[in-house]
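Below: one structure, written as structure tokens.
In each ligand, atom 1 is the first atom listed, and ligand 1 is the first ligand listed.
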Amino acid sequence: MSAAASTKRVYDFAEGSRDMRMLLGGKGANVAEMTRLGLPVPGGFTITTRACIDYLSAGHATPRGLDAEINRHLEALEVRVGKRLGDSADPLLVSVRSGAPESMPGMMDTVLNLGLNDASVAGLAARTHNPRFAYDSYRRFIQMFGDVVAGVERGHFEDALSALKSARGVDQDVQLESDDLRGLVDTFKEIFRRHKGEDFPQDPRVQLDAAIRAVFESWDNRRARDYRRVNRIPDDLGTAVNIQQMVFGNTGPRSATGVAFTRNNTTGEAGEPFGEFLINAQGEDVVAGIRTPEPLVELHAHLPEAYDQLVRTMALLEKTYRNMQDVEFTIEEGQLYMLQTRNGMRSAEAMLRIAVDMVDEGLLAPGEAMVSLVAADQVRQLLLPRLDLSAMPVPAATGVQASPGAATGVVVFSADVAERRARAGESVILVRDETTPDDFHGMVAAKGILTSRGGKTSHAAIVAVGMGTPAVTGVTDLIVDEAACTLAIRDAFTVREGEWLTIDGAKGTVYVGRLSLLPPDPHNPYLERVLSWADAFRAMKVRTNADTPEDARRAREFGAEGIGLCRTEHMFGGDERLPHVQDMIMAESRDDLVAALDALRTFQIEDFIGIFEAMEGLPVTIRLLDPPLHEFLPDYTDLRIRVARAEATGVADDEAAVQLPKMERLKEVNPMLGTRGCRLGIEIPDLYRMQVAAILTAACDVKHRTGVEPIVEIMIPLVGFEEELRWLREHILDVADSVFAEQGTNVEYHVGTMIELPRAALVADEIARQADFFSFGTNDLTQTTLGFSRDDAETKFLGDYLSKGILRSNPFEHIDRAGVGKLVRMASASAREVKPKIKLGICGEHGGDPDSIHFFGAIGLDYVSCSPYRVQTARIAAAQAALQNRTG
Ligand code: ADP
Ligand code: MG
Ligand code: MG
């Protein structure tokens with residue numbers, strides 16, 4: 001690359017292509033691609049993401065040479081169009097549009113109609129013979145420039161517009177006359193001057209400069225940072241700036257603006273394209289829900305030629321991108337212009353159906369569709385709750401089916417309150433007239449979103465669909481009073497902040513009160529197809545974490561191929577068992593201990609029989625008791641209070657008096673680092689012996705009765721030393737011999753350990769000598785490696801760490817590849833050196849996280865294990881890992 005090329009910071013649309021999104025941003029690259037395809041795209045050029053990063057890292061100073069480069073491209077555009085920016089007779093107007101490499105819908109701000117000033121607005125009016133249009137464009141420009149570039153609150157302008165409309169007795173912007181708009185321009189300029197302390201800039205090159213800088217700056221605003229954090233988009237990509245000739249959807253009844261999807265983004269259905277438009281409107285009007293738009297098919301009646309051309313264009317784009325596209329277009333006096341295309345956000349249902357249909361249409365092979373059209377995480381949306389309609393609830397209002405799923409929660413009216421109450425553990429429904437990108441943090445926190453305005457392509461709908469949050473928009477009967485924190489539905493209902501509301505995004509209905517929700521219907525034929533592809537591609541098995549036969553059965557319905565973690569501590573609770581557990585812990589003599597364990601053994605045999613039967617011969621990993629014993633005992637402080645009270649009142653409390661000294665013995669300052677896991681098993685060998693006897697007795701029984709032999713894997717928790725495992729393994733072999741002799745049969749069983757301490761990972765080769773398998777317990781391994789307590793980190797400092805960028809993601813959610821991941825990798829390699837056939841799996845939360853699964857796939861683990869509801873996600877993610885690791 002020549003020196004000149006490497007510092008090139010501005011690209012004409014004709015110079016770019018769709019594979020340049022890192023440099024030109026998604027919007028710029030796709031606009032360039034549409035230009036290359038010969039589609040009707042208004043001319044323009046793109047300032048690169050690198051220029052943005054250079055600007056920000058140079059202390060917000062325009063990189064040297066950039067201005068000159070912009071001028072050259074601007075002049076070339078002026079020559080091509082035959083108009084000059086700000087010309088008072090016939091001005092070129094441009095939009096200034098941001099566009100980052102990753103789609104960040106609505107995150108960055110666009111300025112339209114730039115180049116208008118007091119002189120050029122008159123030129124535009126004269127030239128188009130349409131003063132109404134010219135002043136409408138100017139007042140929009142002042143507002144957008146004021147809001148986005150100069151930081152004058154949008155509300156000031158909106159209030160003035162509303163005041164004007166009520167003074168004129170109209171309720172739609174389009175009903176305002178040209179003189180009204182001319183007056184509004186003066187009002188807006190006055191608002192600008194009052195709040196900004198300077199006049200609205202008249203020099204178009206000054207306007208352009210300020211707008212470009214504002215786009216650069218917007219990369220760092222709060223909502224952009226929030227969005228990147230939630231979506232794990234790196235902070236150092238930067239945004240490109242697109243400067244594009246304006247075309248006008250607001251010149252009259254033969255003009256329009258709209259957005260459309262090439263297929264239905266809720267159901268995935270192909271056929272009639274699907275979208276919304278507004279006649280005589282500009283840009284953001286559709287998305288912002290200013291007026292309720294018309295469905296796209298109606299456009300045919302208004303502007304048939306433009307409609308047909310749009311339909312053909314959308315088909316071409318879909319073929320080119322081999323993905324469902326979301327396009328933005330404008331029609332000026334019957335002539336269609338394409339302004340944007342991108343891969344469309346879609347519901348989980350739509351995602352699966354589109355993948356299957358596109359494969360059947362021959363557009364992609366299954367492997368390609370798996371990687372480019374399926375987001376593993378999103379299939380969990382199919383498992384969203386539905387409304388229980390058996391009670392025949394009557395909707396209080398109906399709106400647009402914006403994002404599927406039902407949600408019930410307490411009503412809140414601001415993003416901040418949503419975030420606060422959600423953090424306190426409440427389910428909230430965020431209610432707004434319309435949402436804006438500033439509401440993003442509240443939308444993330446909300447269980448459901450409800451707006452009075454906007455359609456299926458409103459900001460609220462698009463963001464909700466992307467997050468899998470149920471949403472209903474465009475409820476025209478809804479009156480939201482954000483100041484008073486109440487909503488009203490016609491005259492019939494009033495709901496205050498904190499009161500319950502239920503929405504059904506699949507139906508677009510709203511209910512007052514708290515309605516019961518049903519678990520979702522897991523049978524979806526498109527999902528079955530995608531899963532069958534996944535199973536053919538993946539190298540890793542997917543198991544489940546299940547402690548009960550019900551969980552095990554549910555997980556098998558989702559396709560689990562075994563249990564990777566069956567925790568036995570849950571089997572120690574309950575009124576029937578806890579007293580025996582307490583007797584065991586408090587036993588004074590060996591006899592007392594054996595008696596208590598015998599009682600527990602009976603229960604445990606039943607537990608394991610249920611699980612083995614549910615798994616029908618698939619492998620089952622059972623972890624022997626792990627938590628510190630005092631978790632099963634009365635609270636130490638309570639006991640002390642009871643004893644003190646007994647002494648003070650003279651009323652005896654024998655139980656407390658007996659238990660207190662024992663608790664004194666058992667109490668630990670730091671129980672999570674105390675007598676737990678294998679340490680417990682070594683201190684009380686009879687406990688683990690009882691558990692192993694119960695497990696193997698149950699297995700023999702199931703084999704005997706059903707003829708299906710369980711595969712048993714006995715897992716010792718918290719091992720850090722080879723000797724611990726060797727010592728316990730001997731006990732296990734000994735118990736097995738006697739159980740098998742007693743039962744007159746035997747079953748296949750393996751002894752292994754969890755790797756959940758850094759030391760265990762570091763000496764994995766030594767520990768492997770005693771183990772048939774390892775299961776990486778990445779929850780504890782993350783806690784112990786990072787020194788973060790999971791119980792506290794997430795509610796305490798982790799949020800702060802994330803927002804300050806100290807950490808990029810929550811290490812309990814996505815594996816910390818560099819640290820914990822390195823331990824997993826090292827331990828796997830060194831264990832396999834000693835024992836090539838050792839079975840390696842992972843059973844932490846990370847086992848259901850696609851990003852982490854990808855990593856485990858690259859290491860070559862044999863399986864991941866996750867909660868039942870994530871099994872389908874994990875099957876898909878494992879396939880994607882295999883496909884992507886194959887191609888490098
Ligand atoms: P976003 O990223 O929020 O979608 P865009 O840059 O796409 O922002 O701009 C929003 C809308 O503004 C577009 O959908 C389009 O309707 C309008 N717009 C942008 N540029 C132009 C242009 N050159 N001519 C006409 N309308 C435009
Ligand atoms: Mg757009
Ligand atoms: Mg553990």
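Near Leu112, meaning under 4.0 Å from any of its heavy atoms, are these atoms of ligand 1: 12 (O), 17 (C), 18 (N), 19 (C), 20 (N), 21 (C), 27 (C). Numbered from 1 in the order shown, with element, the atoms of ligand 1 that lie under 4.0 Å from a heavy atom of Thr257 read 16 (O).
Residue Leu339 touches ligand 1 through its side chain alone, judged by heavy-atom distances below 4.0 Å. Only the side chain of Glu328 comes within 4.0 Å of ligand 1, judged by heavy-atom distances.
Among the atoms of Gln340, an N, O or S atom is found under 2.8 Å from the Mg ion (ligand 2).
Side-chain polar atoms of Ser137 and Gln282 form no donor-acceptor pair below 3.5 angstrom. No hydrogens or angles considered: a donor-acceptor pair under 3.5 Å links the side chains of Ser17 and Asp19. With no hydrogens or angles considered, a side-chain donor-acceptor pair links Gln325 and Asn343 at under 3.5 Å.
One N or O on the side chain of Ser255 and one on the backbone of Glu333 form a donor-acceptor pair closer than 3.5 Å.
The heavy atom nearest to atom 24 (N) of ligand 1, considering only Asp326, Val247, Val94, is found in Val247. Taking only non-hydrogen atoms, the option from Met246, Arg342, Lys27, Gln340 nearest to atom 22 (C) of ligand 1 is Met246.
Distances from ligand 1 to the non-hydrogen atoms of Gln282 include no value under 4.0 Å.
Under the 6.0 Å distance and 45° angle rule, Arg213 does not count as a cation-pi partner of Tyr55.
Comment: Arg205 engages Asp209 in a salt bridge, judged by a side-chain N to carboxylate O separation of less than 4.0 angstrom. Using a cutoff of 4.0 Å between basic side-chain nitrogens and carboxylate oxygens, Lys165 and Asp173 are scored as salt-bridged.
For the pair Ser98 and ligand 1, the shortest N or O to N or O distance does not fall below 3.5 Å.
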